[in-house]
Amino acid sequence: MEEIRIFVETLIQHFGLSAGYVPLARHAVLVLVVAVLATVAYLLGRKIIIPVVGKITRRTSAQWDDVLLGRRVLLAACSVVPALVVWQLLPLVFYQYPTVREVLSRLTAIYITLSTVHLFIVFIDSLKLLDNGHRASLRQYILSFCGLLRVLVIFFAVIIVISIIIGRNPTTLLAGLGATSAILMLVFKDTIEGLVAGIRLTSAEMLHVGDWITVPSTQADGTVIEMNLTTVKVQNFDNTIVTVSPLTLVNGSFQNWKGMQASDGRRVKRKVFYDFRSLRFMDESREETNMSRYRDAVEKYLTECPWVNADMTLMVRQLEATQGGLPLEFYFFLKNKEWVHYEHALAAIMEHIYVLAGEYGLKVYQKYPEQ
């Protein structure tokens, strides 16, 4: 660049400009040269390097190079290169104007910082594509890790930009933050707790996208459609979207139906009360009651029912007597776990059980409203 400056000065003097206009003309030409060099550096990266790297990555069988060296990442990197060229050449262009050089150097440094942050964010977002989707727990862990990296990158970028503006060393500024760490912890208490809760949810594999969950303390009862370090989005069965904080899930309790969905059947546990006055012996030997025969008949019906998984636990048991009648509990599993089919099958089975009671002289207890 020094040789270019000398050549420019000689060329200007050759055109016969007066001495007073030489510095102005020299700076104008040098600025134009820097702009041309920065543009050439950008075009070199975009028109030559990116296509060459793209051809190389497409020829390999590995997936990581297609993701980490993808077009979006390389384009973000190309936006940093021209600023680096300008930043390196500014001291030679404005060596006679230290104030202008200092201001432009700081502005260029801020642009380089912001462009680098953009590059890191694009790179971090590309990490989410590394998993092929078959390992849901690993993918969710990568998403959470990427979210945490984004926060850290933005935090350090803000510190660097502030240090450039005030002309201080970033390490000095970070050391000064130690004195106000207690205040920062108080201000960002909810955010920090949310981050920790999100990491606990993903690292312990307590929750995944696609899980059906029920959160008693909220109106969330549906499928998890999105998870990050600060929010969990649940789509209820009426298609409403409920946003739940990870902290709510960790500190409270929620029901995850993943185990049921992965099993061979969905549980049914229903309790029905019968009128004591309808119980009687079936014959004069008084060895068998209509209730015992009814229980056997219901168990046989459930065993033969095509909707019921007879290989899983199946029983009709008598519970402790109450003032509202004698309770029987029907415990079995349905094969089809899909919600609509499950409800239809359950209704049909219970209706059969109610009607079957009448054939054995049993009456389902019913409390009539007071007149």
Side-chain angles (χ1 to χ4, degrees), residues 210-223 234-239 252-371:
D211 287 357
W212 171 17
I213 65 171
T214 302
V215 187
S217 59
T218 67
Q219 295 181 349
D221 184 11
T223 305
V234 180
Q235 183 175 17
N236 291 335
F237 293 104
D238 58 358
N239 289 328
S253 62
F254 67 96
Q255 188 174 11
N256 193 328
W257 298 86
K258 179 182 178 181
M260 178 274 296
Q261 293 174 326
S263 67
D264 294 331
R266 183 173 174 181
R267 189 187 71 173
V268 175
K269 186 180 179 181
R270 288 295 180 92
K271 183 166 57 176
V272 179
F273 293 85
Y274 296 85
D275 195 333
F276 284 107
R277 292 168 293 187
S278 64
L279 271 70
R280 65 175 185 271
F281 290 106
M282 293 298 296
D283 49 40
E284 296 181 357
S285 63
R286 296 179 179 273
E287 293 181 356
E288 194 173 16
T289 64
N290 58 347
M291 177 63 77
S292 63
R293 287 192 178 181
Y294 172 68
R295 287 191 289 106
D296 293 339
V298 172
E299 286 191 352
K300 181 181 179 182
Y301 163 71
L302 292 177
T303 302
E304 298 174 352
C305 180
W307 299 325
V308 177
N309 189 342
D311 296 330
M312 303 182 72
T313 304
L314 187 155
M315 64 177 175
V316 178
R317 64 170 184 161
Q318 187 178 125
L319 303 179
E320 184 178 354
T322 68
Q323 294 181 349
L326 179 63
L328 289 184
E329 184 180 78
F330 305 94
Y331 191 99
F332 55 95
F333 289 82
L334 293 181
K335 296 178 181 178
N336 195 324
K337 295 166 285 186
E338 192 271 327
W339 192 18
V340 175
H341 187 279
Y342 170 85
E343 293 295 342
H344 289 172
L346 174 58
I349 291 174
M350 293 307 299
E351 289 165 1
H352 185 93
I353 290 175
Y354 297 146
V355 174
L356 192 62
E359 297 183 5
Y360 289 86
L362 293 170
K363 294 183 178 179
V364 178
Y365 181 80
Q366 179 175 338
K367 183 178 180 180
Y368 292 95
E370 297 181 359
Q371 298 296 329

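For the side chain to side chain contact (heavy atoms under 4.5 Å, CB included) test, no residue two or more places apart in sequence or in another chain qualifies with Pro216. For Phe330, the side chain to side chain contact (heavy atoms under 4.5 Å, CB included) test picks out Val272, Tyr274, Tyr294, Val298, Val316, Leu328, Phe332, Met350, Ile353, with sequence neighbours left out. Under the salt bridge (charged side-chain N to carboxylate O under 4.0 Å, His left out) criterion, Asp275 pairs with Arg277, not counting sequence neighbours. Not counting sequence neighbours, Glu299 has no partner by the salt bridge (charged side-chain N to carboxylate O under 4.0 Å, His left out) test. Partners of Arg317 under the side chain to side chain contact (heavy atoms under 4.5 Å, CB included) rule, at least two apart in sequence or in another chain, are Met315, Leu319, Glu329. By the side chain to side chain contact (heavy atoms under 4.5 Å, CB included) test, His341 is found to be paired with Trp307, Asn336, Glu338, Ala345, residues two or more places apart in sequence or in another chain being considered.
Between Tyr360 and Ala297 the shortest heavy-atom distance is OH-CB, 3.3 Å. Taking both residues in full, the closest heavy atoms of Lys363 and Ser278 are given as N-OG, 3.1 Å, listed atom of the first, atom of the second, then distance.
From Thr214, atom OG1 reaches atom CG of Asp221 across 3.5 Å, with rounding to the nearest 0.5 Å. To the nearest 0.5 angstrom, Leu334 atom CG is 13.0 Å from His344 atom NE2. Remark: Thr218 OG1 to Ile213 CD1 distance equals 7.5 Å, nearest 0.5 Å. In this structure, CE in Met291 is found 8.5 Å from CZ in Phe276, a value given to the nearest 0.5 Å.
Side chain of Asn236 to backbone of Gln219: a donor-acceptor contact under 3.5 angstrom is found. Using a distance-only test at 3.5 Å, with no hydrogens or angles considered, a donor-acceptor pair links the side chain of Tyr342 to the main chain of Arg267.
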